[in-house]
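All remarks here apply to the structure that follows.
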Amino acid sequence: MEKLYYGFKDNIKVEVFDSYEGLSRAAAAFIAERMKKKPDIILGLATGSSPVGVYDELTRMYEAGDLDFSAVRSFNLDEYYPLEPENDQSYRYFMNKNLFDRVNIDKANTRVPNGMAEDIELECEEYDAAIAAAGGADIQVLGIGGNGHIGFNEPDGFFTAETHKVALTENTIKANARFFASEEEVPRFAVTMGMGAIMSAKSIVLVANGGAKAQAIASMLTGGVDPLCPASILQLHPDVNVFIDKAAAELL
Ligand code: GLP
């Protein structure tokens, strides 16, 4: 697929593609190259519709015998709270369906925040400790919310460093209602990695497509670092790789 634009700042590369398939293939190729160099790579993973194409492409490479997930470890960004992992709207279920069940990853090496944890503060502390003990992710995959959220770090007056429980905004509840039977069924809370764990990743791979993401992408890259656009914190990260389509790049 044609690459339309490349480069942005020293620490942020933006690649714009004609199609969702194009950006997904390029983002997957970036991840695959690192995986081949480091088979025991630590992947930070994201849910939402945006990274599905990346997971499809990684699966295709695995099926072709080009990728081996046997030594890979992963930490997912977030999970609804409260929600059972067996619920087909949980992010654990999503990851199993879209990636883990399709490749040779050892599920014992995959972590998603526990959306049923009785002691949620302890769960958050343990999650951050596990990420830190692993040395942080080698690559953190991110989507972006229409309001600029990453993981479930919603627009606010400040950035939160630690993994934490968060109340979802009306905007996010509405945006995610399409996956549930009704808006009432969308959990009102989530557990999300904070900015500390996200920023500790050695490289960021952010994927976005469609005009609904154009404002968030423009604010993230050109609006200055502002917790009202949580993704803008990535301007302070040393290695950000943004893969987007033309529609999402419209306001750049
Ligand atoms: C969700 C997730 C985010 C995701 C975002 C965008 O709320 N918590 O991690 O990036 O929304 O989702 P989508 O890719 O479906 O547009």
Side-chain angles (χ1 to χ4, degrees), residues 20 44-55 75-99 111-121 123-124 127 140-198 206-220 223 226-234 244 247-248 251:
Y20 177 65
L45 297 173
T47 54
S49 49
S50 308
V52 169
V54 175
Y55 299 148
F75 291 93
N76 257 80
L77 276 174
D78 49 12
E79 180 60 283
Y80 287 111
Y81 183 87
L83 199 63
E84 307 83 20
E86 298 75 27
N87 188 299
D88 64 5
Q89 291 309 325
S90 78
Y91 286 165
R92 162 54 76 181
Y93 188 96
F94 174 102
M95 287 311 304
N96 289 348
K97 176 162 144 261
N98 286 287
L99 186 65
R111 281 192 68 164
V112 178
N114 177 5
M116 293 304 287
E118 271 175 38
D119 185 341
I120 195 66
E121 282 182 16
E123 168 67 17
C124 292
Y127 206 70
Q140 176 65 56
V141 177
L142 294 173
I144 185 169
N147 62 4
H149 75 231
I150 48 178
F152 270 128
N153 292 278
E154 297 277 26
D156 210 331
F158 49 86
F159 293 112
T160 301
E162 297 82 19
T163 294
H164 58 287
K165 179 181 159 194
V166 62
L168 301 182
T169 62
E170 273 310 303
N171 180 313
T172 299
I173 291 167
K174 282 198 166 46
N176 290 356
R178 63 199 149 111
F179 301 113
F180 290 81
S182 69
E183 200 176 307
E184 287 63 50
E185 283 183 32
V186 184
R188 265 36 188 174
F189 297 93
V191 185
T192 184
M193 244 186 226
M195 295 306 190
I198 293 171
L206 186 143
V207 287
N209 64 294
K213 301 293 171 68
Q215 185 58 60
I217 291 291
S219 305
M220 162 178 97
D226 183 342
L228 289 176
C229 175
S232 66
I233 199 171
L234 298 174
I244 52 181
L251 299 177

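What you see is a predicted model; the values in this text were computed from it and never measured.
- Among all heavy-atom pairs drawn from Ala214 and Ala247, the shortest one is CB-O, 3.6 Å.
- Between His149 and Phe152, the angle of the ring planes lies from 30° to 60°, which puts this pair in the tilted group.
- Listed for the Ser232 side chain is a donor-acceptor partner under 3.5 Å among the backbone atoms of Asp226.
- Rounding to the nearest 0.5 Å places CG of Leu142 at 5.0 Å from CG of Leu206.
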ask   = Run the side-chain contact (heavy atoms from CB on, under 4.5 Å) check on Ser90 and Glu84 step by step: do they pass?
value = CA-CA 7 Å; Ser90 78; Glu84 307 83 20; over 6 Å; no

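- Between Ala231 and Ile144, the shortest heavy-atom contact is CB-CD1, 3.6 Å.
- Using a 4.5 Å cut-off on side-chain heavy atoms (C-beta onward), Thr192 and His164 make contact.
- With Val191 as reference, Ile120 is the one residue of Asn114, Ile120, Val112, Val166 to meet the side-chain contact (heavy atoms from CB on, under 4.5 Å) rule.
- Thr163 and Cys124 get closest at one heavy-atom pair: O-CB, 3.2 Å.
- Under the 3.5 Å distance criterion, the side-chain polar atoms of Asn153 are matched with a main-chain donor or acceptor of Ile150.
- The distance from atom CG of Asn209 to atom OG of Ser49, rounded to the nearest 0.5 Å, is 6.5 Å.
- Ring-centre distance between Tyr80 and Phe180: below the 6.0 Å cut-off.
- Shown here for Leu168 and Glu154, the closest heavy-atom pair between the two residues is CA-OE2, 3.9 Å.
- With sequence neighbours excluded, the residues satisfying ring pair (Phe, Tyr, Trp, His ring centres under 6.0 Å) with Phe75 are Tyr127.
- Under the ring pair (Phe, Tyr, Trp, His ring centres under 6.0 Å) criterion, Tyr81 pairs with no residue at all, not counting sequence neighbours.
- Taking CD of Gln89 as the start and CD of Glu185 as the end, the distance is 9.0 Å to the nearest 0.5 Å.
- In Glu183, the CD atom is crowded: over 12 heavy atoms of neighbouring residues, nucleotides or ligands sit closer than 6.0 Å.
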Full working for side-chain contact (heavy atoms from CB on, under 4.5 Å) between Leu45 and Tyr55 = CA-CA 10 Å; Leu45 297 173; Tyr55 299 148; 3.7 Å; yes

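- Under the 4.5 Å side-chain criterion, counting only non-hydrogen atoms from C-beta, Val52 is in contact with Phe94.
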Ile198 and Leu77: CA distance, side-chain angles, deciding distance, side-chain contact (heavy atoms from CB on, under 4.5 Å) verdict = CA-CA 8 Å; Ile198 293 171; Leu77 276 174; 3.9 Å; yes

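- Nearest heavy-atom pair, Pro230 versus Met195, reported as atom, atom and distance to 0.1 Å: O-CE, 3.5 Å.
- Taking Glu184 as the reference, nothing meets the salt bridge (charged side-chain N to carboxylate O under 4.0 Å, His left out) condition, with sequence neighbours excluded.
- Thr169 OG1 to Lys174 NZ: the interatomic distance, rounded to the nearest 0.5 Å, is 9.5 Å.
- Taking every heavy atom of both residues into account, Pro51 and Ala46 meet most closely at CG-O, 3.5 Å.
- One finds the OG1 atom of Thr172 at 4.5 Å from the CG atom of Asn147 (value rounded to the nearest 0.5 Å).
- Atom CG of Leu251 is separated from atom NZ of Lys213 by 14.0 Å, given to the nearest 0.5 angstrom.
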request  = Carefully, step by step, assess Arg92 and Asn96 under the rule side-chain contact (heavy atoms from CB on, under 4.5 Å).
outcome  = CA-CA 6 Å; Arg92 162 54 76 181; Asn96 289 348; 3.2 Å; yes

